[in-house]
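To start, the structure itself, in structure tokens.
Everything numeric here is computed off the predicted structure, so don't read it as measured data. Any value given below was found using the heavy atoms of this structure, including those in side chains, with hydrogens, waters and symmetry copies removed.
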Amino acid sequence: MGIWKKEINLDELNQSCADCAVSHLGIRFTNYGDDWLEAKMPITEKTTQPMGWLHGGISCALAETVGSAAGFYCVEEPYVTVGAEINASHLRPMKKGDIARAVATPLKLGNKLHVWQIDILNSENKLCCRSRLTLSVIES
């Protein structure tokens, strides 16, 4: 089970994201391992800026979606994780028609704070964005 405190069910996770920003952007959780969670997002007119490149803010939305979901599975009730800070280094552009694959891995899993690294790769498996997400662990 690795770092996970709850069992991950990708179908249930994707269903819980229906009818919100996650589904609007086309983000789908696709895979996970002992210490990572993955989601994919098509680059479409919903996710690009006017010149057809992936919008940097959407890269952050994808990164926060995957990192926040991963954080959720790393805490037990009555605790939840909430975003405190995110940054992103955009290293390579992605064009409409490509598929972004985001992989979240933990850098720190503390009782009060999580730090996640989220790498966003293109369909050629080239790194396009590296993001760091800080989550606060709070009692719900």
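Note: Leu37 CG to Phe29 CZ = 5.5 Å, rounded to the nearest 0.5 Å. Rounding to the nearest 0.5 Å gives a distance of 7.0 Å between CG of Leu10 and CG of Asn31. Atom-to-atom distance recorded for Leu25:CG and Ser23:OG is 8.0 Å, nearest 0.5 angstrom. The CG atom of Asp119 lies 4.5 Å from the CD atom of Gln117; values are rounded to the nearest 0.5 Å. For the atom pair Ser68 OG and Leu135 CG, the distance stands at 5.0 Å (nearest 0.5 Å). A distance of 9.5 Å separates CD1 in Ile43 from CG in Asn122, rounded to the nearest 0.5 Å.
In terms of heavy atoms, Glu64 sits closest to Gly83 at OE2-CA, 4.0 Å. Of all heavy-atom pairs between Gly71 and Thr81, the closest is C-OG1, 3.6 Å. Smallest separation of non-hydrogen atoms from Asp11 and Asn9: N-OD1, 3.0 Å. The two residues Ser59 and Ile120 have their closest heavy-atom pair at O-CD1, 3.5 Å. Here the shortest heavy-atom pairing between Gly33 and Trp4 reads O-NE1, 2.7 Å.
The hydrophobic clustering, which links ILVMFWY residues whose side-chain heavy atoms are closer than 4.5 Å, places Ile8 and Val80 apart. No single ILVMFWY cluster, assembled from side-chain heavy atoms under 4.5 Å apart, contains both Phe72 and Trp36. In terms of hydrophobic clustering, with Ile, Leu, Val, Met, Phe, Trp and Tyr side chains grouped at heavy-atom distances under 4.5 Å, Tyr32 and Leu62 are assigned to a common cluster. A continuous path of ILVMFWY side-chain contacts below 4.5 Å connects Leu13 to Val66, so both sit in one hydrophobic cluster. The hydrophobic cluster containing Val137 does not contain Ile86, counting ILVMFWY residues as joined when their side-chain heavy atoms lie under 4.5 angstrom apart, directly or transitively.
Between Thr65 and Met41 there is no side-chain heavy-atom pair separated by less than 4.5 Å. Looking at heavy atoms from C-beta onward, Glu85 lies out of side-chain contact with Leu133 at the 4.5 angstrom threshold. Taking the side chain as every heavy atom from C-beta outward, Val75 and Lys6 approach each other to under 4.5 Å.
Remark: Lys96 fails to qualify as a cation-pi partner of Trp53 under the 6.0 Å distance and 45° angle criteria applied to the six-membered ring. Cation-pi geometry between Lys5 and Tyr73 is not satisfied (NZ or CZ under 6.0 Å from the ring centre, within 45° of the ring normal).
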Only distances under 3.5 Å count here; give the side-chain donor-acceptor pairs of residues 99-115 to other protein atoms, sequence neighbours excluded, each with its distance to 0.1 Å.
from	atom 1	to	atom 2	distance (Å)
Arg101	NH1	Glu38	OE1	3.1
Arg101	NH2	Asn125	OD1	2.4

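Shown here is Gln15, whose CD atom has no more than 12 heavy atoms of other residues, nucleotides or ligands within 6.0 Å.
Side-chain atoms of Glu77 do not come within 3.5 Å of backbone N or O of Tyr79 as any donor-acceptor pair. A donor-acceptor contact shorter than 3.5 Å links the side chain of Ser131 to the backbone of Asn87. The backbone N or O of Leu54 sits nowhere less than 3.5 Å from a side-chain atom of Lys95 that would complete a donor-acceptor pair.
In this structure, Leu127 belongs to a hydrophobic cluster whose other members, linked by side-chain heavy atoms under 4.5 Å apart, are Leu91.
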